Novice: 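Below is the structure I would like to discuss, written out as structure tokens.
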Amino acid sequence: MATKTAQGAETAGTGSGTEARKDDETTTAGPGAVAETEQTGEAGPETAGDEGGESGDAEGAGEAEADGTGGKVPSGVGQGAGAVVSAALGLVSLTGGWIGTVASAREQLIGQLRTSTSASVGTQLKEVYGDAWHTTALWAGLFALAALITAVVVLVRPAFGAPGRPQAAWIRSVAWAGLSLGVIGLLLAVLKYSDALLAVPSAG
């Protein structure tokens, strides 16, 4: 009986010691493992953030290369406005405009003041009507020349802008219309100013 009791006590002591050692190991390893886990968790987002930043930089560089200039791509609003202005100037060159009308009336008034009543009919026609007609043709030619230059600038602008960015079709169409009107208006102005078209009738 005494022997069994001693063996049971030794067995119980051994089991308690083993459990105590396990508890000590768990207690010793517990905080360190938790600290390492926390450090690993803190390092994870930073690494992911760094990778995300590098990926974002790479995408930004790719977009800049796609743009071709690395900066803001022009929207083409200025080119469209220039095309519309060229077409409007071309129309004014054909119709004369109020500036040409006022200039013609002014020149006609000056001719009447400078010409005496005793002047010949040919002189009166030239001073009163001829000079006024030439003034109208001159202003029409100036508007046509402005339309021509504006249209050419709009058409050649893409060659000096962002490479690989085509010009809108409607801008090219309106610019070509302004160019055509400018050429026609300039031609008519030259013909009118040189008396080759609608010349002032002679007195004889």
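These numbers were taken from a predicted model, which means no experiment stands behind them. Heads up: numbering here begins at 1 and tracks the sequence.
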Novice: Report all side-chain donor-acceptor pairs from residues 135-146 shorter than 3.5 Å, counting only partners two or more places apart or in another chain.
Specialist:
from: T135; atom 1: OG1; to: D131; atom 2: O; distance (Å): 2.8
from: T136; atom 1: OG1; to: S104; atom 2: OG; distance (Å): 3.2
from: T136; atom 1: OG1; to: A132; atom 2: O; distance (Å): 3.1

Novice: Is L148 linked to W176 within one hydrophobic cluster, defined over Ile, Leu, Val, Met, Phe, Trp and Tyr using a side-chain heavy-atom separation of less than 4.5 Å?
Specialist: yes
Novice: Determine which pairs satisfy side chain to side chain donor-acceptor pair (under 3.5 Å) with at least one residue from residues 183-195, sequence neighbours left out, and list them in order.
Specialist: H134-D195
Novice: Could you see if L188 belongs to whatever hydrophobic cluster contains V190? Use Ile, Leu, Val, Met, Phe, Trp, Tyr and a side-chain cutoff under 4.5 Å.
Specialist: no
Novice: Kindly compute the distance separating CG (L186) from CG (L181), expressed to the nearest 0.5 Å.
Specialist: 12.5 Å
Novice: Show me, pair by pair, the donor-acceptor contacts under 3.5 angstrom made by side chains of residues 95-102, not counting sequence neighbours?
Specialist:
from: T95; atom 1: OG1; to: L91; atom 2: O; distance (Å): 3.1
from: T95; atom 1: OG1; to: V92; atom 2: O; distance (Å): 3.4
from: T101; atom 1: OG1; to: G97; atom 2: O; distance (Å): 3.0

Novice: Can you measure from CD1 (I149) to CG (L179) and round to the nearest 0.5 angstrom?
Specialist: 11.5 Å
Novice: Nearest 0.5 Å, please: how far is CD in Q112 from CD in E127?
Specialist: 11.5 Å
Novice: What are the two closest non-hydrogen atoms of G178 and A151, and how far apart are they?
Specialist: C-CB, 4.1 Å
Novice: Just distance, no hydrogens or angles: give the donor-acceptor pairs under 3.5 Å from side chains in residues 166-175, sequence neighbours left out.
Specialist:
from: Q167; atom 1: NE2; to: Q79; atom 2: OE1; distance (Å): 2.7
from: Q167; atom 1: NE2; to: V154; atom 2: O; distance (Å): 3.0
from: R172; atom 1: NH1; to: Q167; atom 2: O; distance (Å): 2.4
from: S173; atom 1: OG; to: A169; atom 2: O; distance (Å): 3.0

Novice: Taking all non-hydrogen atoms of both residues into account, name the closest pair between S93 and G185 and its distance.
Specialist: OG-CA, 3.8 Å
Novice: Hey, does the side chain of S86 reach the backbone of A83 with a donor-acceptor pair shorter than 3.5 angstrom?
Specialist: yes
Novice: Taking side chain to side chain contact (heavy atoms under 4.5 Å, CB included) as the test, write out the residues that go with L187, two or more places apart.
Specialist: L191
Novice: Among residues at least two apart in sequence or on other chains, which ones pass side-chain hydrogen bond (donor to acceptor under 3.5 Å, both in side chains) with S180?
Specialist: none
